[in-house]
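One structure is given below, encoded as structure tokens.
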Amino acid sequence: EVVPIELNSDKNAFASKFVFTEDGRIIMTDNRGSVLEVNKDNGAMKELFTGSESFCAFNIVGNYIVAIDNKNIYIYNLLT
């Protein structure tokens, strides 16, 4: 079954990076600097945090999301 994921009503927004957690959760970034968790059952998205701009590096290390933009390094604990 294919589950469509609609970013939002803004035609200028697009997904830029996807990663998967060890337990199968889908985490993505968009070109606006948002980090979102995607519900793989219904395509709904929950914003986890935002950066100051789009991310040049983005990964999951253990239970942490590590994201880097041109100004900051963000470390987000997936367990909280």
Side-chain angles (χ1 to χ4, degrees):
E1 176 182 352
V2 175
V3 177
I5 299 171
E6 182 178 330
L7 286 178
N8 62 33
S9 60
D10 183 349
K11 302 287 185 209
N12 295 321
F14 59 86
S16 59
K17 297 174 180 71
F18 285 87
V19 292
F20 296 85
T21 64
E22 290 180 8
D23 61 0
R25 294 160 60 188
I26 303 169
I27 309 295
M28 64 164 274
T29 66
D30 67 16
N31 63 310
R32 305 284 174 108
S34 294
V35 175
L36 307 116
E37 181 171 358
V38 179
N39 182 314
K40 60 187 170 192
D41 296 322
N42 62 19
M45 289 185 282
K46 172 186 165 189
E47 186 173 79
L48 301 177
F49 64 94
T50 58
S52 59
E53 53 193 60
S54 64
F55 297 101
C56 54
F58 173 70
N59 207 345
I60 293 180
V61 180
N63 292 315
Y64 295 92
I65 297 172
V66 179
I68 302 169
D69 63 22
N70 289 332
K71 297 180 181 180
N72 298 297
I73 297 173
Y74 304 85
I75 299 173
Y76 179 87
N77 188 337
L78 286 163
L79 299 178
T80 58

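There is no path of hydrophobic side-chain contacts, each under 4.5 Å, that joins Val66 to Phe18. Each of Met45 and Phe49 belongs to its own hydrophobic cluster when Ile, Leu, Val, Met, Phe, Trp and Tyr are linked at side-chain heavy-atom distances under 4.5 angstrom. Under the 4.5 Å side-chain heavy-atom criterion for grouping Ile, Leu, Val, Met, Phe, Trp and Tyr, Val35 is connected to Val19 within one hydrophobic cluster.
Residue pairs meeting the salt bridge (charged side-chain N to carboxylate O under 4.0 Å, His left out) criterion with at least one member in residues 35-44, sequence neighbours excluded, are Arg25-Glu37.
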Distance-only criterion, 3.5 Å: show the donor-acceptor pairs between side-chain atoms of residues 55-65 and protein atoms not counting sequence neighbours.
none

List the atom pairs, with distances to 0.1 Å, where a side-chain N or O of residues 70-80 and a protein N or O form a donor-acceptor pair under 3.5 Å, not counting sequence neighbours.
| unit_1 | atom_1 | unit_2 | atom_2 | d |
| --- | --- | --- | --- | --- |
| Asn70 | ND2 | Glu53 | OE2 | 2.8 |
| Asn72 | ND2 | Tyr74 | OH | 3.1 |
| Tyr74 | OH | Ser52 | N | 3.2 |
| Tyr74 | OH | Asp69 | OD2 | 2.9 |
| Asn77 | OD1 | Leu79 | N | 2.8 |
| Thr80 | OG1 | Asn77 | O | 3.1 |

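Here Ser34 pairs with Asp30, Leu36, Glu47, Thr50 under the side-chain contact (heavy atoms from CB on, under 4.5 Å) rule; sequence neighbours left out. Listed by chain and number, the residues in a side chain to side chain donor-acceptor pair (under 3.5 Å) with Asn42 amount to none (sequence neighbours excluded).
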